[in-house]
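Below: one structure, written as structure tokens.
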Amino acid sequence: MELRAHGWWLLCAAAALAACARGDAASKSRSCSEVRQIYGAKGFSLSDVPQAEISGEHLRICPQGYTCCTSEMEENLANRSHAELESALRDSGRALQVMLATQLRGVDDYFQQLLNNSERALQDTFPGAFGELYTQNARAFRDLYTELRLYYRGANLHLEETLAEFWARLLERLFRQLHPQLLLPDDYLDCLGKQAEALRPFGDTPRELRLRATRAFVAARAFVQGLGVAGDVVRKVAQVPLGAECSRAVMKLVYCAHCLGVPGARPCPDYCRNVLKGCLANQADLDAEWRNLLDSMVLITDKFWGPSGAESVISSVHMWLAEAINALQDSRDSLTAKVIQGCGNPRVNPQSPGPEEKPHRGKLVLQEKPPTGALETLVSEAKTQLRNVQDFWISLPGTLCSEKMAMSPASDDRCWNGMAKGRYLPEVMGDGLANQINNPEVEVDITKPDMTIRQQIMQLKIMTNRLRGAYGGSDVDFQDASDDGSGSGSGGGCQDDICGHKVGKKSSGAQTPLTQALPGLSEHEGQKTSAASCPHAHTLLPLLLLALVLAAAGPRWR
């Protein structure tokens with residue numbers, strides 16, 4: 001009986017060894033034709049692809065079952081997955097940049113057109129109405145429009161000081177023209193300038209224009225600059241390279257199913273999201289300040305409408321100037337008397353051409369043109385599109401999974417979970433760097449944020465503060481906090497820490513247990529993963545030897 005029992009044990013061990021050997025032979029005999037077709041379609045040499053599956057102990061990223069991928073194939077596919085994700089990121093960023101640039105160009109062109117039309121109207125109407133009062137001072141008016149353009153475009157000018165200097169220069173020139181019979185030396189004109197605020201030679205126009213123009217130009221240029229900053233942030237963030245751990249995870253997500261013989265299995269939705277939430281953790285941290293910026297830009301558009309709005313004020317600068325000259329001519333005699341009272345009686349110019357001849361005293365009355373509605377259309381479209389991209393950074397993983405990663409339509413037994421066909425059970429991580437501490441797919445060091453992205457977060461904060469100041473009518477100094485330094489992370493390529501032997505401490509946790517994957521496997525796919533459940537020959541040899549020893553021991557063992 002005992003000998004029969006020992007013989008039975010020996011037969012079981014031998015049968016198990018034979019069965020596993022038959023499984024190995026069967027696995028190795030499966031064709032790699034489908035993988036060859038896919039690999040060749042990507043432009044790689046088919047000489048690298050085995051004709052039939054081989055043992056996968058050499059794999060450094062994909063699970064080490066029987067495989068159609070050699071080490072060189074795995075490296076090539078890792079490089080390809082890295083490049084494809086970076087290309088998808090650039091495409092998404094480029095589309096957003098194009099939208100922002102289109103909105104910027106439309107609104108900016110409109111505001112500059114308003115100012116150009118105002119200057120053209122001045123040049124067309126002032127010579128006939130004011131004669132030499134304009135023609136001899138045309139340069140001063142041109143300079144004013146030049147400085148207004150420079151300010152709008154972001155030049156480091158103080159608008160209130162610019163306007164004050166314009167009125168002071170204009171007063172000196174016009175007062176001298178109105179009194180050609182008088183000698184007006186520089187010290188006398190200095191006295192005139194010091195009394196200008198009390199004398200109000202141009203009426204209320206300088207004060208009204210200062211208040212309205214400051215608010216209008218500040219709001220207009222802040223909105224346009226906001227669009228520019230947003231586009232610049234997107235451009236710089238798109239240049240941030242993927243890290244090594246991300247590259248490993250993306251390879252496993254996209255191409256390991258091919259290597260393991262299930263090329264038709266698309267990534268499970270939650271699996272794909274976890275990978276890209278880990279890869280784009282730093283980008284998601286832009287979300288809060290990005291939303292603040294876009295909200296502030298939408299809010300500042302309220303300052304575009306009404307009598308004091310940007311559209312009305314910028315388009316009617318020439319009308320304010322006409323009112324100012326009209327006021328000066330109307331108050332000429334009383335103004336002269338007050339100046340003489342305050343500064344003394346100036347000497348008569350001996351070279352004056354006889355009795356005083358009053359220069360041409362035309363009066364110009366211009367009618368404000370009603371808004372065409374063009375700006376309202378531009379801003380309405382911009383506001384709609386800005387609201388549509390508010391969640392751009394946190395929705396990016398889901399967008400890329402849906403549009404670029406060939407994600408499975410459902411999380412069921414037929415999708416790729418990183419190990420095999422089967423359900424993906426880990427929960428989806430939250431957004432941002434801090435929430436990736438337990439990401440099962442990508443090892444993320446939450447203590448080392450990407451510095452390029454942190455600089456862009458600061459850039460967004462600064463621009464938001466500028467917009468909020470502009471909403472209140474103040475011109476907050478603008479500072480560019482960004483630079484062209486590249487962010488942290490490694491560049492492209494399958495380097496040692498991607499395809500090498502380095503394995504993150506969370507890599508084991510990233511693998512779905514086989515018990516989770518088995519229910520969804522077909523018979524064919526189950527055979528391909530049999531290496532995980534059926535031990536290889538070298539694990540059965542000790543059992544076989546033990547059975548032989550026990551059989552030989554016979555009664556002594558008893």
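All residue numbers refer to positions in the sequence shown, counting from 1.
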Just by distance, no angles: are the side chains of [X] and [Y] close enough, under 3.5 Å, to form a donor-acceptor pair?
X	Y	result
Gln112	Asp108	yes
Gln283	Asp450	no
Glu441	Tyr424	yes

| said: Students often mix this up, so state it plainly: with edges at 30° and 60°, are the rings of Tyr151 and Phe217 parallel, tilted or perpendicular? | reply: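 Perpendicular, since the angle between the ring planes exceeds 60°.
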| query | Residues in ring pair (Phe, Tyr, Trp, His ring centres under 6.0 Å) with Tyr134, at least two apart? | reply |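 With neighbours one apart ignored, the set is Phe126, Phe141.
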| query | Does Trp167 have any ring pair (Phe, Tyr, Trp, His ring centres under 6.0 Å) partners at least two apart in sequence or in another chain, and if so, which? | reply |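 Applying ring pair (Phe, Tyr, Trp, His ring centres under 6.0 Å) to Trp167 gives Phe202.
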Please round to the nearest 0.5 Å and tell me the distance separating atom [atom1] of [X] and atom [atom2] of [Y].
X	Y	atom1	atom2	value
Glu75	Glu72	CD	CD	7.5 Å
Glu208	Glu323	CD	CD	9.5 Å
Ser247	Lys252	OG	NZ	14.5 Å
Thr205	Asn326	OG1	CG	9.0 Å
Leu286	Asp431	CG	CG	12.0 Å

| query | Is the distance between the SG atoms of Cys259 and Cys69 less than 2.5 Å? | reply |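 Between Cys69 and Cys259 there is a disulfide, given that their SG atoms are under 2.5 Å apart.
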| message | I'd like to check the side chain to side chain donor-acceptor pair (under 3.5 Å) partners of Arg36; sequence neighbours left out, ordered by chain and number. | response |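 Residues passing side chain to side chain donor-acceptor pair (under 3.5 Å) with Arg36: none at all.
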| Partner residues of Lys461 under the side chain to side chain donor-acceptor pair (under 3.5 Å) criterion, sequence neighbours left out |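 Expected list: none.
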Check [X] against [Y] and note the closest heavy-atom contact, atom names and distance.
X	Y	answer
Val428	Arg273	CG1-CB, 4.3 Å
Ile61	Ala78	CD1-CB, 4.1 Å
His318	Tyr145	N-OH, 3.3 Å
Ala140	Phe166	O-CE1, 3.7 Å

| In this structure, are over 12 heavy atoms from other groups packed under 6.0 Å from Arg215 atom CZ? |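 No, CZ of Arg215 has 12 or fewer neighbouring heavy atoms, counting only those of other groups under 6.0 Å.
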| Centroid separation Phe111 to Phe223 less than 6.0 Å |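 No: the rings miss the under 6.0 Å criterion.
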Give every donor-acceptor pair under 3.5 Å between a side-chain atom in residues 397-405 and any protein atom, sequence neighbours left out.
{"from": "Thr399", "atom 1": "OG1", "to": "Ser395", "atom 2": "O", "distance (Å)": "2.9"}
{"from": "Ser402", "atom 1": "OG", "to": "Gly398", "atom 2": "O", "distance (Å)": "3.0"}

| Can you list every salt bridge (charged side-chain N to carboxylate O under 4.0 Å, His left out) pair that touches residues 118-127, not counting sequence neighbours? |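 For residues 118-127, and leaving out neighbouring residues, the salt bridge (charged side-chain N to carboxylate O under 4.0 Å, His left out) pairs sorted by first residue read Glu119-Arg149.
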